[in-house]
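Notes follow once the structure below has been shown.
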There are 2 protein chains.
Amino acid sequence: MGAHDRISAGGGHVPALRRAVAILDYISASSEAPTLSGLARALGLPKSTAHGLVQAMEELGLLARAADGTLRTGPHSLRWAGDFLARTDLVSAFRQSIAESWRSAQFTVTMTVLDGNEVVYIACSEANRPLDVAFRIGMRLPAPFTATGKALLAARPDRDLDALFARGFPAPLTRYSVASMPDLRRELAETRQRGFSIDDGQIREGLFCLGATVGDHAGQAVAALALSLTRSEASPDMVAMLGRSLMDAAADLSRRLGAG
Amino acid sequence: MGAHDRISAGGGHVPALRRAVAILDYISASSEAPTLSGLARALGLPKSTAHGLVQAMEELGLLARAADGTLRTGPHSLRWAGDFLARTDLVSAFRQSIAESWRSAQFTVTMTVLDGNEVVYIACSEANRPLDVAFRIGMRLPAPFTATGKALLAARPDRDLDALFARGFPAPLTRYSVASMPDLRRELAETRQRGFSIDDGQIREGLFCLGATVGDHAGQAVAALALSLTRSEASPDMVAMLGRSLMDAAADLSRRLGAG
DNA sequence: CCCGTTCGTTCAGTATATTGAACGATAGAT
DNA sequence: ATCTATCGTTCAATATACTGAACGAACGGG
């Protein structure tokens with residue numbers, strides 16, 4: 001019985017693994033810890049299948065069960081994520097090439113990855129001069145408000161958007177924060193046309209950021225670079241110049257990733 | 001040469017998932033990025049099985065392939081790890097139980113995870129009195145100099161060490177910082193015998209820290225606690241007493257993780 | 001108290017994923 | 001140039017994991 005409208009339509013084989021990933025993604029994305037039955041219902045899985053999977057994932061440390069039976073993410077993935085951050089060429093290449101050149105130019109450069117509808121900071125190179133917001137590794141911000149988030153969202157097919165924000169749009173951080181899906185779509189369209197993204201005071205008033213994506217060998221956007229400056233510095237000429245430089249830097253990083 | 005060369009056949013079901021986890025663990029633990037065949041050989045998997053799994057894991061973002069075909073961990077697990085850090089009982093349990101009791105005792109307590117050969121601070125409870133170093137979440141320090149880093153390194157098999165420092169030993173932060181692999185191995189041996197680790201001025205002169213690991217249900221060390229005081233307070237009796245208390249606190253946290 | 005609902009769990013049959021063997025390609029050595 | 005040893009990949013047959021249905025338990029309202 002080929003029910004094609006299950007979890008991943010574009011799928012292939014190894015359904016057990018794909019379902020385990022879907023389970024972890026669902027738990028990570030949902031705000032409330034689900035129960036076994038609720039999980040099966042939400043993902044369209046037979047109860048018995050979910051039961052077997054959850055049991056195995058629990059043994060493996062991928063899932064943890066609270067006393068009341070609700071499911072949470074387990075600690076096992078910390079090992080892989082730590083390895084990714086440490087060993088992948090992303091952060092080291094960032095440090096070696098990009099950070100140095102921009103730091104000498106007195107700009108703060110950050111790098112993030114997309115995690116659901118939030119960005120996670122995985123590398124930062126702060127300028128010598130003080131900026132009134134401190135980026136820290138591991139920090140999270142809503143993707144629609146950040147330059148890196150917009151760059152990463154713009155690189156994804158438009159139809160993914162609704163799923164990412166099915167549970168509501170994030171609350172605005174400033175009066176300039178994009179507040180609705182239509183506004184976001186318009187900004188993403190502008191980003192695609194321009195080649196880089198702009199955040200003008202949407203996470204902090206007076207803070208102006210430019211963003212561009214870094215792709216892997218397959219062209220998939222895996223991270224994004226951002227350049228932070230104060231709004232008073234952001235003249236049109238300056239923005240255009242810095243935007244081009246940022247796109248060059250991102251393309252350079254992409255090449256390093258592709259070359260291995 | 002991972003922790004478990006064989007995938008326990010007598011274990012349970014869902015072999016695809018168990019093997020995927022074994023693959024990610026192997027890649028995370030090994031120093032060099034393996035190839036598909038090498039991976040299959042090391043884990044005792046049929047080549048075709050490994051091929052199908054790796055292909056699916058690549059599509060899912062769990063694995064990434066470099067241009068030369070070698071395999072690395074992918075960015076997908078970042079989502080789960082981030083969720084774990086944000087939502088799981090680790091940080092909240094830390095805040096609820098440990099931090100309060102020690103804070104009333106005027107001590108600074110911190111928690112870190114290992115990330116390559118660095119530790120990343122994931123929780124901090126600073127004492128009311130000023131200490132001359134500020135720990136911030138997301139901050140990184142070289143593992144060999146910190147109490148938590150030594151505790152986490154001591155929990156790993158000794159043969160993993162060379163791989164972690166293949167690219168060189170970190171530059172010393174003070175004149176007391178451990179400066180070579182033999183010195184580090186000696187300190188780790190002392191740590192294993194003592195049950196907790198000690199940093200005596202290796203990240204900052206005059207700062208004295210004790211460390212102990214927190215393990216998950218499988219006994220794997222996933223994080224470490226540290227207690228910070230000034231060197232003048234660190235009398236032998238005081239160190240012994242605080243060390244025992246810290247080990248108790250770490251064991252209590254481990255139980256909370258295991259129990260869910 | 002009894003009933004309806006939801007929970008987690010078990011089990012045998014079948015649809016399905018795993019696998020051993022063989023393929024073409026590449027690289028280094030003879 | 002030939003040979004050998006890897007590499008990654010494909011495919012049909014079988015051993016296996018998934019699933020639909022049924023179970024006991026727990027909860028809450030009528």
Side-chain angles (χ1 to χ4, degrees), chain A residues 1-24 26-27 30 32-60 62-72 74 216-218 258-260, chain B residues 5-24 26-27 30 32-60 62-72 74 259-260:
Chain A
M1 23 222 35
H4 302 311
D5 47 58
R6 283 289 166 82
I7 287 184
S8 105
H13 298 267
V14 204
L17 182 59
R18 302 187 119 88
R19 284 163 172 172
V21 169
I23 288 175
L24 282 171
Y26 178 77
I27 294 181
S30 71
E32 295 299 322
T35 116
L36 176 65
S37 299
L39 191 90
R41 222 181 305 113
L43 295 180
L45 294 176
K47 260 197 305 184
S48 52
T49 303
H51 177 260
L53 269 177
V54 163
Q55 189 171 335
M57 293 168 78
E58 207 178 332
E59 286 176 21
L60 291 167
L62 294 175
L63 284 183
R65 244 174 154 139
D68 60 352
T70 55
L71 299 165
R72 295 153 203 277
D216 61 6
H217 66 289
Chain B
D5 284 340
R6 287 279 178 79
I7 303 152
S8 68
H13 298 266
V14 204
L17 182 59
R18 302 187 121 87
R19 284 162 172 172
V21 169
I23 287 175
L24 282 170
Y26 178 78
I27 294 181
S30 74
E32 294 300 321
T35 118
L36 176 64
S37 300
L39 191 90
R41 221 181 304 113
L43 296 178
L45 295 176
K47 260 195 307 184
S48 53
T49 304
H51 178 260
L53 270 176
V54 164
Q55 189 171 335
M57 293 168 77
E58 205 179 335
E59 285 176 21
L60 291 168
L62 295 176
L63 283 183
R65 243 174 153 139
D68 59 353
T70 55
L71 299 166
R72 296 152 203 277

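Everything numeric in this text was worked out from a predicted model, so none of it was measured. Each chain gets a letter, A, B and so on, in the order its sequence line appears, and its residues count up from 1.
- Within the model, atoms CD1 of I23(A) and CG of L39(A) stand 5.0 Å from one another, a figure rounded to the nearest 0.5 Å.
- One can place CE of M57(A) at 17 Å from C1' of dG8(C), the figure rounded to the nearest angstrom.
- Residues L71(A) and R65(A) have side chains in contact (heavy-atom distance under 4.5 Å, counting atoms from C-beta outward).
- Checking the phosphate oxygens (OP1, OP2) of dT19(C), a side-chain nitrogen or oxygen of R19(B) falls inside 4.0 Å.
- Considering all non-hydrogen atoms of both residues, A16(A) and V14(B) come closest at CB-CG1, 4.0 Å.
- In this structure, L24(B) CG and R19(B) CZ are separated by 14.5 Å, a value rounded to the nearest 0.5 Å.
- Distance check, rounded to the nearest 0.5 Å: OG of S48(A) to CG of L53(A) gives 10.0 Å.
- Distance CG (L17(B)) to C1' (dA17(C)): 15 Å, rounded to an integer number of Å.
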For this session: Could you go through the side chain to side chain contact (heavy atoms under 4.5 Å, CB included) check for L36(B) and K47(B) one step at a time?
Result: CA-CA 8 Å; L36(B) 176 64; K47(B) 260 195 307 184; 6.0 Å; no

Exercise. Given pairs defined as Watson-Crick or G-U wobble with both distances under 3.5 Å, what dot-bracket annotation applies to DNA chain D, with ( ) intrastrand, [ ] crossing, | other strand and . unpaired?
Worked result: |||||||||||||||||||||||.||||.|

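- The nearest whole Å value for the distance from the CG atom in L53(A) to the C1' atom in dG8(C) is 15 Å.
- From L45(B), atom CG reaches atom NE2 of H51(B) across 14.0 Å, with rounding to the nearest 0.5 Å.
- Taking CE from M57(A) and CG from L62(A), the interatomic distance works out to 5.5 Å, rounded to the nearest 0.5 Å.
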Could you go through nucleotides 6-12 of chain D and list every protein N or O atom that sits under 3.5 Å from one of its N or O atoms, giving the distance for each pair?
from   : atom 1 : to     : atom 2 : distance (Å)
dC7(D) : OP1    : R41(B) : NH2    : 3.1
dC7(D) : OP2    : R41(B) : NH2    : 3.0
dC7(D) : O5'    : S37(B) : OG     : 3.4
dG8(D) : OP1    : T35(B) : OG1    : 3.2
dG8(D) : OP1    : L36(B) : N      : 3.2
dG8(D) : OP2    : T35(B) : OG1    : 3.3
dG8(D) : OP2    : S37(B) : N      : 2.9
dG8(D) : OP2    : S37(B) : OG     : 2.6
dG8(D) : O6     : K47(B) : NZ     : 3.2
dT9(D) : OP2    : H51(B) : NE2    : 3.1
dT9(D) : OP2    : R65(B) : NH2    : 3.4
dT9(D) : O5'    : H51(B) : NE2    : 3.3

